[in-house]
Asker: 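Mind looking over this structure? Questions follow.
Note that the structure is a prediction, hence the values are computed from the model and not measured. Order of appearance sets the numbers: ligands from 1, and atoms from 1 within every ligand. All values below were derived from every heavy atom in this structure, side-chain atoms included, with hydrogens, water molecules and symmetry-related copies excluded.
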Amino acid sequence: MAQVSNAGDSLPTVMREKRKERDTSPEEDGEAERYSQAKKRISESRDSEGFSRRDMNGFGGGNHTPTVAFLGPLGTYSHQAAYERFHETADFVEKGRISDVFDALGEVDFGVIPQENTIFGPVVETYDALRNIDSSFICGEVTLKVQHCLLVRAGVNISDITCVMSHEQALGQCNGFLTKHLPDAATTKMTSTAAAAETVSKSAGSTCAAICSKLCLKMFEGLELLREGIQDESSNYTRFYVMAKDARAALPTPHNTPHAHALLRVDSNAESNGGDIANVIKALEIPIARIDRRPASNGKPFNDLYFIELRDSSCPPNGYPTKWDEKVQDAMERIRAAGAEVKLLGLW
Ligand SMILES: O=C(O)C(=O)C[C@]1(C(=O)O)C=C[C@@H](O)C=C1
């Protein structure tokens, strides 16, 4: 697996004194403070892990602090993933929906976008947006450990809960818990896990619960932790794409994956190809890491678009395999020769 971050791994000790009497540890208090501070511009150019603004291709040399959009509000897993990837090298910008993060690319330098979860699978909103993008690119990835909590307004017991709010991914990842412990509670899809926590926090007298990160206890007032680690498998990870408008935008070092990747969007519906995805797979001649499929949404029933992620593990640590870009371009030429349309969505 690529670089995996657990948001609570390394935490400042200064926050210990500030600890409030809640369900969070000193480490989690520090974590909350770190993430709150993440929005602020940090003038220091190098942090303790060696991330440097000078390492940002295209940004180095000037005074530009890169901006990074993520699905908000503060306290989402996207927020944590963005912070784990960029630390204090960037200014962070909250967006209301995943599609808003895509739309912001260009205004902001980077966007951090959930792509896939190990329990519930691909993030549908992300693949729907990938169907239409023409000039934004995936330039990196980050993987985050996800431990869901059940948060309620203080004083609410599990037997009182009438509804559960969260992002559809989190509801899906906790389906076993919901079926077993809250079979009669209604579920409400929210734009994000932290949006659910915020809604519960602001609804006096509410008997709704939110499924979200423990960090939300510190981000929003009046919430209490009822259960922790309620997802269907204790080992649970979400992988995020890091995207940019500029295909040449390079992420701060260290390069975050031991493999080289590319993502292709393939439309195999052209008549010249006979609609056969097998021709495309044969033409690739590069190992395939995963294939996802979404309706092409072009008015023709059962026309699909394929998202093919390529992976080459022959690269040196923190680098690309020799001529990776050329290998991918050559594969795309072969796909076109086979009669399908192909678009490069990322190279990292
Ligand atoms: O709602 C959030 O906290 C998000 O960052 C979104 C998201 C997702 O779309 O998969 C990210 C990680 C978790 O898998 C649950 C939700």
Side-chain angles (χ1 to χ4, degrees), residues 1-8 31-32 35-36 38-39 68-86 92-102 104 110-130 138 141-151 164-178 187-201 209-220 223 228-243 290 292 294:
M1 189 182 291
Q3 172 192 320
V4 174
S5 297
N6 183 355
E31 184 185 0
Y35 290 125
S36 298
K39 280 180 78 182
V68 179
F70 65 89
L71 171 67
L74 297 186
T76 59
Y77 294 102
S78 298
H79 175 204
Q80 296 171 52
Y83 187 76
E84 290 305 317
R85 186 61 190 84
F86 289 89
F92 295 91
V93 182
E94 298 168 51
K95 293 288 168 187
R97 294 176 178 275
I98 290 173
S99 58
D100 298 335
V101 180
F102 277 95
F110 296 103
V112 173
I113 289 165
Q115 176 255 330
E116 185 198 11
N117 174 265
T118 51
I119 296 176
F120 202 57
V123 179
V124 171
E125 287 157 275
T126 296
Y127 279 94
D128 282 351
L130 289 174
I138 300 155
E141 63 176 73
V142 56
T143 298
L144 189 81
K145 190 171 182 183
V146 169
Q147 295 291 301
H148 289 302
C149 296
L150 192 69
L151 266 53
V164 181
M165 300 178 166
S166 199
H167 188 275
E168 71 169 344
Q169 268 282 340
L171 292 169
Q173 292 162 35
C174 301
N175 189 43
F177 176 88
L178 294 174
T187 51
T188 306
K189 280 190 210 173
M190 302 293 286
T191 50
S192 73
T193 56
E198 187 173 30
T199 303
V200 173
S201 135
I211 296 177
C212 54
S213 156
K214 199 171 181 181
L215 187 58
C216 290
L217 267 185
K218 287 289 171 186
M219 292 294 171
F220 306 105
L223 295 177
E228 206 173 339
I230 61 169
Q231 67 281 347
D232 292 353
E233 292 165 26
S234 57
S235 160
N236 185 30
Y237 297 90
T238 296
R239 181 185 187 227
F240 296 78
Y241 283 148
V242 182
M243 298 195 63
R290 54 180 295 131
D292 294 277
R294 291 293 298 150

Asker: Within the protein, flag every N or O under 3.5 Å from an N or O of ligand 1, and note the pair and distance.
Answerer:
residue  : atom   : partner : partner atom : Å
ligand 1 : 1 (O)  : T193    : N            : 2.7
ligand 1 : 1 (O)  : T193    : OG1          : 3.3
ligand 1 : 3 (O)  : Y77     : N            : 2.9
ligand 1 : 3 (O)  : T193    : OG1          : 2.5
ligand 1 : 5 (O)  : S78     : N            : 2.8
ligand 1 : 5 (O)  : S78     : OG           : 2.6
ligand 1 : 14 (O) : Q173    : NE2          : 2.9
ligand 1 : 14 (O) : T238    : OG1          : 2.8

Asker: Between R294 and D292, does at least one N-O distance fall below 4.0 Å, as a salt bridge requires?
Answerer: no

Asker: Got a sec, which residues hit side chain to side chain contact (heavy atoms under 4.5 Å, CB included) with Q169, two or more places apart in sequence or on another chain?
Answerer: N117, F120, V123, H167, Q173

Asker: Without swapping roles, check the side chain of T118 against the backbone of Y237 for a donor-acceptor pair under 3.5 Å.
Answerer: yes

Asker: Passes side-chain contact (heavy atoms from CB on, under 4.5 Å), L150 versus F177? Steps please.
Answerer: CA-CA 10 Å; L150 192 69; F177 176 88; 4.0 Å; yes

Asker: For the side chain of T188 and the backbone of M165, is there at least one donor-acceptor N/O pair under 3.5 Å apart?
Answerer: no

Asker: Between F86 and F110, what is the ring plane arrangement, given parallel below 30°, perpendicular above 60°, and tilted in between?
Answerer: tilted

